Amino acid sequence: MFDFYRGRRLRTTPALREMVRENEIRPQDLIMCYFVVETDDPDFRSPISSMPGQCQLSLKQLEKQVGEAVKNGLHSCMLFGIPAEKDEVGSQAYAEDGIVQQAIRMLKAKWPELIVIADTCLCEYTSHGHCGIVSSKGEVRNDPTLDLLARTAVSQTKAGADIVAPSDMMDGRVAAIREALDEAGFTDTPIMSYSVKYASAFYGPFREAAEGAPKFGDRTTYQMDPGNGMEGLREAAADIEEGADIIMVKPGMPYLDMVRMLRDNFDTPVAAYQVSGEYSMIKAAALNGWIDEQSVVMESLVAFKRAGADLIISYFTEDVLKTLNG
Ligand code: PBG
């Protein structure tokens, strides 16, 4: 008889399947995102309508929520700030008492072991909502923005951030940030660069969450075109050359090919960001009873690992920690 391949042999029991499983989610792979709001109201906790289950939080509420998550094994989180005042140059991004700086200080004082990552960008802090300085003609200017990003990264690190994560997509920003961090004595602070970041409609819900939608135009002159793959290699190579310690692909699920491409071409750790729109789609379908949320979430996250990601940024992190704890 023809001796065909019997793949089912290794699938007969849960124990066998577990034994030969190639990829798994570990708590230390996961990074949760929080939106922290500058407000006098310690009870401020405002649900984000397009991201069911996620809220904008006051410092006090952030403390409460992270406290719960840490009990469940939270290893790392990334912070986005919503300042009380925005201006043309996003000065609250690099203000010493900016909301993210306050949040970092609070989290690191309470949980020194927690890896706190600061998203380094201007769009939540600028009145026009762009990630850089805007000229009188409405263009987002690259080089004058670099200094402000570097200042932001230094001020976040001074506040205690363990990692800075530039998400602006200005050219040369990793080098500018590395140089500024080193000059300030922070030679050991890693940079996790949003290297392969697309101009994506999947960020829609985030713009409600972080109140950072551009007031005019879009981000297509600085974020990548979704049709491009090879360009991602150039972006990642440039960032590594400039000093990035971790490279990121964003969005996640629609760009798993890019995760694999970075994994195969570089030995730098790779992160994948399951963005707001991905979260909302899964939530919406689950809330309609069309899919089983927990199973779909676990399957979507293990796909990142299979594609080659070391780290996963996901709004499902808190839920997944509970699932992992049984
Ligand atoms: C800031 C930033 C954005 C996201 C992360 N950092 C928005 C954007 O680039 O427009 C999106 C995250 C998400 O959708 O979950 N530049």
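All heavy atoms count here, side chains included; hydrogens, waters and symmetry mates do not. Everything numeric here is computed off the predicted structure, so don't read it as measured data. Both counts, for ligands and for their atoms, begin at 1 and track the order of listing.
- Enclosure of atom CG in D188 is not indicated, since only 12 or fewer non-hydrogen atoms of other residues, nucleotides or ligands lie within 6.0 angstrom.
- The ligand atoms of ligand 1 that sit less than 4.0 angstrom from a heavy atom of S167 are 1 (C), 2 (C), 6 (N), 16 (N).
- Here's the thing with R207: one of its N/O atoms is less than 3.5 angstrom from an N/O atom of ligand 1.
- Under 4.0 Å is where a charged nitrogen must lie from a carboxylate oxygen, and between K197 and D168 no such pair does.
- Shown here are the side-chain contact (heavy atoms from CB on, under 4.5 Å) partners of E68, two or more places apart in sequence or in another chain: K71.
- Note on ligand 1: M169 sits outside its first shell, no heavy atom being nearer than 4.0 Å.
- Those atoms of ligand 1 that come under 4.0 Å of a heavy atom in D119, given as number and element, are 6 (N).
- Taking a cut-off of under 4.0 Å to the non-hydrogen atoms of Y315, the atoms of ligand 1 that pass are 12 (C), 13 (C), 15 (O).
- Between M169 and C131 the shortest side-chain heavy-atom distance does not fall below 4.5 Å.
- If you take CD1 on I312 and CZ on R26, they are separated by 10.0 Å, rounding to the nearest 0.5 Å.
- Close N/O approach between D168 and ligand 1 is not found [any backbone or side-chain N/O within under 3.5 Å].
- Salt bridge status for K60 with D41: absent, with no side-chain N to carboxylate O gap under 4.0 Å.
- M253 is listed as a side-chain neighbour of S300, based on a closest heavy-atom distance under 4.5 Å.
- The ligand atoms of ligand 1 that sit less than 4.0 angstrom from a heavy atom of K197 are 1 (C), 2 (C), 3 (C), 6 (N), 8 (C), 9 (O), 16 (N).
- For F216, the ring pair (Phe, Tyr, Trp, His ring centres under 6.0 Å) test picks out H130, with sequence neighbours left out.
- Every atom of ligand 1 is numbered from 1 in the order shown, and the set under 4.0 Å from a heavy atom of R219 is 8 (C), 9 (O), 10 (O).
- For ligand 1 and C123, the ligand atoms under 4.0 Å from any heavy atom of the residue are 1 (C), 16 (N).
- Atoms of ligand 1 found under 4.0 Å from any heavy atom of C131 (numbered from 1 in listed order, with element): 16 (N).
- Remark: ligand 1 atoms within the under-4.0 Å shell around heavy atoms of Y273 are 12 (C), 15 (O).
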